[in-house]
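FYI, side chains are in, hydrogens and waters are out, and symmetry mates aren't considered; it's all heavy atoms of this structure. Note on naming: letters A, B, ... go to the chains in the order of the sequence lines (proteins, then strands), and numbering restarts at 1 for each one. None of the values given here were measured: they were computed from a predicted structure.
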Amino acid sequence: GESVGLHLPTLSVQEGDNSIINCAYSNSASDYFIWYKQESGKGPQFIIDIRSNMDKRQGQRVTVLLNKTVKHLSLQIAATQPGDSAVYFCAENRDETSGSRLTFGEGTQLTVNP
Amino acid sequence: NAGVTQTPKFQVLKTGQSMTLQCAQDMNHEYMSWYRQDPGMGLRLIHYSVGAGITDQGEVPNGYNVSRSTTEDFPLRLLSAAPSQTSVYFCASSLGRAGELFFGEGSRLTVL
């Protein structure tokens with residue numbers, strides 16, 4: 001399953017499928033990007049990050065891809081599990097000197113069907 | 001290791017009342033920030049601090065004050081609450097300037 005565009009807030013996939021969550025960022029000067037996962041009633045949790053000098057970074061079951069040409073970020077989750085159901089946010093750091101000043105996207109609700 | 005601790009978890013206020021949301025971290029992080037989360041709008045930065053004694057405004061600072069007298073604590077004050085401030089508030093901290101943010105569990109505020 002794949003989400004497209006900024007304004008598709010939900011993505012529904014079958015357990016075991018791969019998920020792709022997309023995000024467009026606005027500032028070409030942003031140099032650091034993070035994906036966060038937020039489960040219901042909890043604070044966001046770090047998943048994976050990538051700096052602008054990289055195109056791809058892999059973690060455990062997750063991969064982040066960065067396309068600076070079109071200012072696009074994606075999160076790929078392999079073999080999606082019910083525990084992956086959550087809202088996923090991309091965030092960009094627009095100001096290196098300010099610290100803790102990440103700007104968040106609107107989020108995508110991922111639902112994994114058993 | 002408690003991480004980032006926010007209190008209270010829930011609060012109901014009447015318009016015009018004041019209150020303080022508390023935030024404490026035990027990771028010796030220099031950078032702390034407050035976000036609010038509203039439905040369909042993601043997280044928006046209210047205020048942030050790059051170290052004790054230093055604070056600055058974020059995207060939506062109006063109606064909120066902060067101070068940073070110690071590295072550990074970063075309280076958020078609402079001087080005169082308004083219904084538009086009904087939201088879920090998250091405090092976060094990070095070690096480096098552009099590093100991973102660690103979030104608290106959130107404080108749900110309702111202003112009647």
Where do [X] and [Y] come nearest, in terms of heavy atoms and distance?
X: A:F104; Y: B:L43; value: CB-O, 3.8 Å
X: B:E100; Y: A:F46; value: OE2-CB, 3.2 Å
X: A:Q38; Y: B:F90; value: NE2-CZ, 3.3 Å

Q) What part of B:Q37 is in contact with chain A, defined as an atom under 4.5 angstrom from a non-hydrogen atom: side chain, backbone, both or neither? A)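 The side chain, not the backbone.
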Cluster question for you: counting only ILVMFWY and a side-chain heavy-atom cut-off of under 4.5 Å, with indirect links fine, are [X] and [Y] together?
X: B:L79; Y: B:V60; result: no
X: A:Y32; Y: A:L65; result: no
X: B:L21; Y: B:V12; result: no

(Q) Take a 6.0 Å sphere around CD of B:E72 and say whether it holds more than 12 heavy atoms from other residues, nucleotides or ligands. (A)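 It does: B:E72 CD has more than 12 such atoms within range.
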Q.
For B:R108, I'd like to know if atom CZ has over 12 heavy atoms of other residues, nucleotides or ligands within 6.0 Å.
A.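 It does not: B:R108 CZ has 12 such atoms or fewer within range.
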Q) Rounded to the nearest 0.5 Å, how far does CZ of B:F103 lie from OH of A:Y36? A)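 Here the interatomic distance stands at 5.0 Å.
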